[in-house]
Amino acid sequence: TYTTAHLADGINEQAGEKIIKYVVTYDHTSGKFIEYVVGSGIGNNFVIQFGEAYYVFSTSPFEVEFIMVGDCPEGNTFDLGVCWKLLGWNSKQSIDVGVFADYVNTYIGKPAIQAIVRYDNTASVTDYVAWYPGDPNDKFQMKAGEAYWIFFSTKISDIPYP
């Protein structure tokens with residue numbers, strides 16, 4: 001019953017102003033993005049699902065850290081579908097991007113990860129950074145609390161976090 005409106009309201013309340021403008025997720029069933037525009041009645045006030053990732057657009061000019069209250073999941077799995085999937089890194093341990101790709105490919109028994117992309121906001125010029133098979137394993141690290149776009153060539157469920 002925890003919806004995008006609850007998520008946005010909670011963050012806006014912590015910030016003391018309405019900085020969250022919309023929330024987006026990808027629906028694997030329909031193959032479409034679902035958008036909720038906060039406080040406008042536009043889009044769908046969809047339910048936040050455990051283990052899924054969401055894009056939250058903020059108008060805050062500052063880097064703001066928000067605290068999500070609840071139990072920390074342990075021993076979770078994740079699903080990857082054909083095409084792009086936004087995966088929230090759910091582990092407390094960082095891992096080199098290529099090591100993660102090798103782990104998933106070995107787990108399913110064939111090479112299936114075609115790209116992993118992250119948004120780098122630490123450089124002087126913020127931009128997306130992509131890892132492709134053949135790139136160095138340590139091109140970047142997947143870190144707790146961050147999300148990554150993964151391009152996957154097959155559908156597989158219940159992959160355990162390394």
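Quick caveat: nothing in here was measured; it's all calculated off a predicted structure.
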What's the verdict on side-chain contact (heavy atoms from CB on, under 4.5 Å) for Gln49 and Tyr2, showing C-alpha distance, side-chain angles and the deciding distance? CA-CA 8 Å; Gln49 298 291 332; Tyr2 188 75; over 6 Å; no
Measuring from [X]:[atom1] to [Y]:[atom2], what's the distance to the nearest 0.5 Å?
X	Y	atom1	atom2	answer
Asp9	Ile20	CG	CD1	10.5 Å
Ile42	Glu35	CD1	CD	8.5 Å
Trp84	Phe33	CH2	CZ	10.0 Å
Leu86	Thr25	CG	OG1	7.5 Å
Met142	Ile116	CE	CD1	5.0 Å
Phe46	Thr4	CZ	OG1	5.0 Å

Restricting to non-hydrogen atoms, name the atom on [X] and the atom on [Y] that form the minimum distance, rounded to 0.1 Å.
X	Y	result
Ala101	Trp131	CB-CH2, 3.4 Å
Phe140	Ala130	CE2-C, 4.4 Å
Tyr107	Asp158	OH-O, 3.4 Å
Leu80	Lys85	CD2-CG, 3.7 Å
Val129	Lys139	CG1-CE, 4.2 Å
Phe152	Gly81	CB-O, 3.4 Å

Let me see the working for Lys110 and Thr154 under side-chain contact (heavy atoms from CB on, under 4.5 Å), right down to the final yes or no. CA-CA 10 Å; Lys110 62 182 175 180; Thr154 189; 4.0 Å; yes
Counting C-beta onward and ignoring hydrogens, is there a side-chain heavy-atom pair between [X] and [Y] closer than 4.5 Å?
X	Y	result
Ile48	Thr3	no
Thr77	Ile159	no
Pro162	Ile95	yes
Asp102	Asn137	yes

Linking I/L/V/M/F/W/Y whenever any side-chain heavy atoms sit under 4.5 Å apart, do [X] and [Y] land together?
X	Y	answer
Val47	Ile34	no
Val82	Phe78	no
Val99	Leu87	yes

For a side-chain contact (heavy atoms from CB on, under 4.5 Å) check, start with the C-alpha distance between Phe100 and Ile150, then their side-chain angles and the critical distance, and finish with the verdict. CA-CA 11 Å; Phe100 171 75; Ile150 300 177; 3.7 Å; yes
Ring-face cation of Arg118 near Tyr128 (centre distance under 6.0 Å, axis angle within 45°): no
Can Val117 and Tyr119 be said to form a side-chain contact (heavy atoms from CB on, under 4.5 Å), step by step? CA-CA 7 Å; Val117 178; Tyr119 184 71; over 6 Å; no
If you count the non-hydrogen atoms of other residues, nucleotides and ligands that lie under 6.0 Å from CD in Gln114, is the total more than 12? yes
Check whether more than 12 heavy atoms from other residues, nucleotides or ligands sit under 6.0 Å from atom NZ of Lys21, and answer yes or no. yes
Tell me whether [X] contacts the main-chain N or O of [Y] through its side chain, where contact means a donor paired with an acceptor under 3.5 Å.
X	Y	value
Ser40	Val37	yes
Asp135	Tyr132	yes
Asp27	Lys32	no

Taking the six-membered ring for Trp, are Tyr22 and Tyr36 ring centroids under 6.0 Å apart? no
